[in-house]
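Heads up: the structure comes next, in structure tokens.
Every number for a ligand or one of its atoms is a count from 1 in the order of the listing. Positions are given from 1 along the sequence.
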Amino acid sequence: MNTQDVISMFNDYVIANYGRLPKVITKGQNNTLGDLDGNTILDMFPGWAVSGIGHCHPKVVEAIRKQAGELLHIDNTFYTIEQGQLAKMLSERAFGGQCFFCNSGAEANEAALKLARRHTPREKYKFITTEKSFHGRTLATVAATGQPQYHEGFLPLPAGFVYVPFNDIDALHEAFDEEVCAVMIEPIQGEGGIHEATPEYMQTIRDLCDEHDALMILDEVQTGMGRTGRWFGYQHYEVTPDIITLAKALGGGVAIGAMMARPEVAKSFVPGTHASTFGGNSLACAAAIAVIEAIEEDKLLDNASAVGEYTRNKLEQLREKFPIIDHIRGKGLMLGLQLNMPGAAIVSQCLEKGLRINCTQETVLRLMPSMTVTRDEIDAAVAILDEVFGEGDSE
Ligand SMILES: *Cc1c(COP(=O)(O)O)cnc(C)c1O
């Protein structure tokens, strides 16, 4: 089977709801991908931030192998060691919360929204979210997503969502009333183009939520699990949220999502209120436990900070050289290059030269290398970017 055969198979049998790059990936090892034509690709956007500690991390692979021989799945009618241990490990690294497990970011956010409605008095039903946010693709999470293009064709959406401009403190005050049950934001907007919440904004959300008995939900699906140099994005701020949601890098490549809530809030989910058949199964939890252990044993939080800063400096040097790069945003290994032109062609040209990056919001190049990334790999990636930007200049 060659690349064209695989693409034909997709054309015939797979729903075409993704814009795909014309490569068939057959292998992923740490920060390198292999394709069906024998090319290798340096991956600076591994699995859309899922492979946060690199593809097929040996500790994760080993944990999966071991768990697969013991127990893959048992329903939540029973207890398992793996689910309990994972919840304890997450709780100890966050704010002492309690966890609900599911299988994706959208489901984690859906659980957070349901818990917030359930926990607060009946008259509170509104969710404040921000413009350019991204919270998932289920009907409720797409309604939470403050981007009209994702709503198109799906109306009417679940009611109660109010959108405010990100980092706009006045707009937040204006939107708040006694009907608000929660505010949900990403500490750094990912899909929205790498926009960081300011400390004042975070503090205002906390204060307004406290004042009005509303909950502060942080969608850490992309920022969580160490990418920013701390376990969770909120840990760069002085605030503690009531709920965080996780997915993407949590399982090291295995599907898992989690919602963690303060115990007083979590107690509003009693039997019968919410559930997930696959949620928290032993295989996924064993993988996530291995991810946490690998991050600590290999000191990957420190690596994310140090190599993140190194990358940022390298990108700043590129910016000085190429005026099409307007400025650079982000934290740790979550970086965006704001271009003053569309970036899709640059992504394709990089791929042709063996580098995978992403473009979001049309003009933002997004780099989210794994936390295992080395300075040499960053140098190689920046060299390719330099080449591609250089060719653009001479056209
Ligand atoms: C990717 C993402 C989601 C959705 O996660 P899925 O696993 O695709 O459902 C939600 N929120 C944020 C911030 C994300 O980056």
Legend entry - Per-ligand residue contacts, ligand 1, heavy-atom threshold under 4.0 Å: Ser104, Gly105, Ala106, Asn109, Phe134, His135, Gly136, Glu186, Asp219, Val221, Gln222, Lys248

Legend entry - Residues which pass ring-ring contact (aromatic ring centres under 6.0 Å, His included) with Phe127, listed by chain and number, not counting sequence neighbours: Phe161

Legend entry - side chain to side chain contact (heavy atoms under 4.5 Å, CB included) assessment of Gln222 paired with Met334: CA-CA 9 Å; Gln222 203 165 131; Met334 186 166 177; 3.6 Å; yes

Inset, instruction - Would you please indicate if the ring centroids of Phe95 and Phe232 are separated by under 6.0 Å? - result: no

Legend entry - Tyr310 six-ring centre to Arg375 NZ/CZ under 6.0 Å and within 45° of normal: yes

Show me the side-chain donor-acceptor pairs of residues 62-70 shorter than 3.5 Å, one per line, residues at least two apart or across chains.
unit_1, atom_1, unit_2, atom_2, d
Gln67, NE2, Leu71, O, 2.9

Inset, instruction - Could you tell me which residues satisfy ring-ring contact (aromatic ring centres under 6.0 Å, His included) with His274, sequence neighbours excluded, listed by chain and number? - result: Phe100, Phe269

